[in-house]
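Right, one structure below, let's go through it.
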There are 2 protein chains.
Amino acid sequence: MSNIRDVARLAGVSVATVSRALSNPEKVSDESLEKVHNAIAQVGYRPNMLARNFRSARAYAVVVLVPDIANPFYSLFIRALEDRAQQKGYAVLLGDTRGTPEREMEYIRRVETRLADGIVQLRPSSEKSQNNIPPDIPCVNACGCEYTTGPAIRIDNRAAAKTMVNYLISLGHKRIGVISGLKDNPHAIDRLEGYKEALADAGIPFEKDLIAEGDFTMWSGLNAAFQFCNMKVRPTAVFSMNDEMAIGAMQTLKNQGIRIPEDMSVTGFDDIAYAKYSDPSLTTISQPAEEMGKMAMDMLLKVIEGEPLSQRECVLPTEFIIRKSTGPAPGKK
Amino acid sequence: MSNIRDVARLAGVSVATVSRALSNPEKVSDESLEKVHNAIAQVGYRPNMLARNFRSARAYAVVVLVPDIANPFYSLFIRALEDRAQQKGYAVLLGDTRGTPEREMEYIRRVETRLADGIVQLRPSSEKSQNNIPPDIPCVNACGCEYTTGPAIRIDNRAAAKTMVNYLISLGHKRIGVISGLKDNPHAIDRLEGYKEALADAGIPFEKDLIAEGDFTMWSGLNAAFQFCNMKVRPTAVFSMNDEMAIGAMQTLKNQGIRIPEDMSVTGFDDIAYAKYSDPSLTTISQPAEEMGKMAMDMLLKVIEGEPLSQRECVLPTEFIIRKSTGPAPGKK
DNA sequence: TTGTATGCGTTATCAC
DNA sequence: GTGATAACGCATACAA
């Protein structure tokens with residue numbers, strides 16, 4: 001494997017000139033430049049980035065901490081993040097934590113040991129469940145929810161949820177079930193707030209029994225729906241806090257002979273690709289996953305480079321998408 | 001930021017001892033070990049992996065080249081790959097190529113410049129579309145198809161497809177449509193072979209018109225299904241080469257008033273999570289994505305370490321899963 | 001078991 | 001514009 005010295009020798013210049021020819025070509029005469037390039041081509045030289053990174057004390061890599069890469073919302077986000085990183089000359093180290101703090105620590109350690117320059121955190125964290133990232137390491141929260149302290153990209157979960165529930169109310173629904181995430185999940189907390197606000201605005205009393213707890217998997221949605229089926233007075237609409245659970249729930253409802261949306265309306269959150277192809281297609285809230293990924297990367301790079309941020313937190317707009325899983329409350333028109 | 005010298009000084013030993021204490025603790029006396037650990041704790045020392053990797057000429061990282069991380073089959077595979085990599089102390093650099101050779105080259109360059117030690121290639125490549133990975137760089141193909149030259153993890157696409165089509169034939173179907181991938185896609189080629197073999201075994205003539213070309217996206221499946229709807233004599237079953245296209249196709253068929261499986265059976269391939277929750281649930285072939293991910297990582301590490309491979313290629317079994325999207329051909333029982 | 005000394009490939013500082 | 005050379009932090013061959 002040839003190194004910079006081999007190139008220098010062959011080109012008849014010093015190593016300094018070769019180095020400059022590669023990183024600051026404008027500081028080198030055209031003549032030298034050509035000699036260097038010829039030599040490089042001749043020996044098939046490839047700069048050793050390990051050495052370069054070591055020397056410049058930069059990994060040119062960032063870690064993305066994601067609860068589960070197999071979740072389509074996250075994979076979309078990461079695709080955009082990676083795209084931007086590539087543009088900027090950075091690598092993305094995949095940090096699928098599978099929800100365990102131990103694995104999360106492993107990855108945080110990677111930046112402490114200089115293998116990465118910063119972190120994009122996708123795990124939502126509230127006051128309770130702090131993310132254990134030391135304050136001195138560059139980090140951007142892109143979990144999309146409130147209660148973060150550092151730089152963050154997020155959406156207004158409360159407002160989005162409220163919009164959705166308002167819509168259901170406008171369709172005549174008064175008894176609206178919720179399939180929530182785990183109780184202490186920040187997304188779930190924010191979205192539940194929005195639900196409550198919408199009810200309050202309409203003068204509908206809040207009923208604790210209408211909240212079914214899930215964990216954002218299809219399976220949990222499937223399960224939660226049974227709770228509604230078995231109620232003496234069923235809800236006429238179900239607000240699910242993500243699309244997967246909504247899809248799972250619709251499965252249960254249809255199996256129980258409940259027609260969607262004639263007997264019961266169902267809504268989701270995220271607008272994953274399958275939401276459009278579910279049966280019926282899902283009314284949902286679209287999060288700008290790709291936009292979020294790009295912005296998170298840009299933001300993190302600024303933090304790494306020490307540039308000032310124009311704003312600590314960036315709240316991106318969501319889009320309310322009406323499809324066929326929602327309709328007038330039974331008996332209404 | 002403290003370095004190994006600071007630790008050595010504080011512990012009252014040499015840097016060599018500190019280095020050994022960290023990487024070969026068995027070569028250091030218990031006494032020194034304790035002194036070193038105390039010193040490390042005291043100054044909050046974190047080894048600079050950039051330096052270590054540089055020195056040992058190893059990145060302890062691998063690149064995974066994936067056509068699209070947002071595809072659920074791939075994300076499942078990668079999750080397993082990453083899990084295994086983490087266990088072995090390796091990082092996974094995400095290489096989402098979006099199908100472009102340019103981006104693929106970018107990533108190959110990353111290992112040429114020592115930022116990664118090897119590549120897991122998920123893009124299928126045939127004789128025509130070679131993967132342009134230089135022969136000297138460690139690489140494992142895990143695209144799951146034939147025609148690879150180097151180390152590979154794959155499934156028997158042809159046999160799996162044949163099993164599926166045999167099943168349809170056993171249900172009385174004689175006119176079986178295919179939603180294929182792009183014509184030159186190796187997966188598509190192999191699976192089409194299996195389809196043809198099954199037909200031949202049953203004495204059913206092959207009809208070119210029954211092949212609709214897609215590109216493995218839901219949208220293309222949706223589109224392809226129209227081709228069948230508009231035929232004078234419609235097929236009674238459709239063999240789709242992946243689940244996404246099958247889900248898209250079912251959407252079209254249902255919209256056209258075609259009942260599944262009463263009027264037409266539909267089958268998929270991959271068994272992604274949504275296959276179980278589609279309407280109706282999808283009969284499909286399950287690929288051992290996670291197993292493949294783990295094995296690919298293990299195999300690549302052997303190549304990197306220069307260990308001999310017990311077998312160049314490893315063919316993993318698939319599972320045939322019958323759900324509700326298939327039934328007897330119309331008129332049969 | 002431990003310490004000393006050298007070098008990994010590059011960039012950057014300085015003199016020329 | 002160019003060249004000589006000193007770092008960067010660590011692992012390791014060799015000597016003790």
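Residue numbering restarts at 1 for every chain, and letters A, B, ... go by the order of the sequence lines.
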Bending between helix ends of the helix from C/dT1-D/dA16 to C/dC16-D/dG1 [5 pairs per end, 10° resolution]: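 Terminal axis comparison yields 30°.
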Presence of [X] side-chain N/O under 4.0 Å of [N] phosphate oxygens OP1/OP2:
X     : N     : answer
B/T17 : C/dG3 : yes
A/S29 : D/dT2 : yes
B/S32 : C/dT2 : yes

Sugar-phosphate only, base, or nothing, as touched by B/V28 at under 4.0 Å among non-hydrogen atoms: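 The answer is sugar-phosphate, as B/V28 gets under 4.0 Å only of primed atoms, P, OP1 or OP2.
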Sugar-phosphate, base or nothing in reach of B/S56, heavy atoms under 4.0 Å: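 The residue B/S56 makes no contact with any strand.
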Protein-nucleotide distance ([X], atom [atom1]; [N], atom [atom2]), rounded to Å:
X     : N      : atom1 : atom2 : value
A/L50 : C/dG7  : CG    : C1'   : 15 Å
A/R46 : C/dG9  : CZ    : P     : 17 Å
A/L33 : D/dT2  : CG    : C1'   : 13 Å
B/R52 : C/dG9  : CZ    : P     : 19 Å
B/K35 : C/dT1  : NZ    : C1'   : 12 Å
B/N24 : D/dT12 : CG    : C1'   : 10 Å
A/K27 : D/dT2  : NZ    : P     : 13 Å
A/N53 : C/dT10 : CG    : P     : 12 Å

CZ on B/R84 to CD on B/E290, rounded to 0.5 Å: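 So the gap between those two atoms works out to 12.0 Å.
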Plane angle bin for B/F54 and A/F54 - parallel if under 30°, tilted between 30 and 60°, otherwise perpendicular: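 Correct class here is parallel.
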Would you call [X] and [Y] a salt bridge, taking side-chain N to carboxylate O under 4.0 Å as the test?
X      : Y      : answer
A/E305 : A/K88  : no
A/D68  : A/R98  : no
B/E104 : B/R109 : no

Please answer whether the main-chain N or O of [Y] pairs with a side-chain N or O of [X] as donor and acceptor at a distance below 3.5 Å.
X      : Y      : result
A/S32  : A/V28  : no
B/N3   : B/D6   : yes
A/T100 : A/R103 : yes

What are the atom names and distances for every N/O pair under 3.5 Å that joins the protein to nucleotides 4-9 of chain D?
unit_1 : atom_1 : unit_2 : atom_2 : d
D/dA7  : N3     : A/R55  : NH1    : 2.8

Whether over 12 other heavy atoms sit under 6.0 Å from A/E307 CD: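 Count over threshold, so yes.
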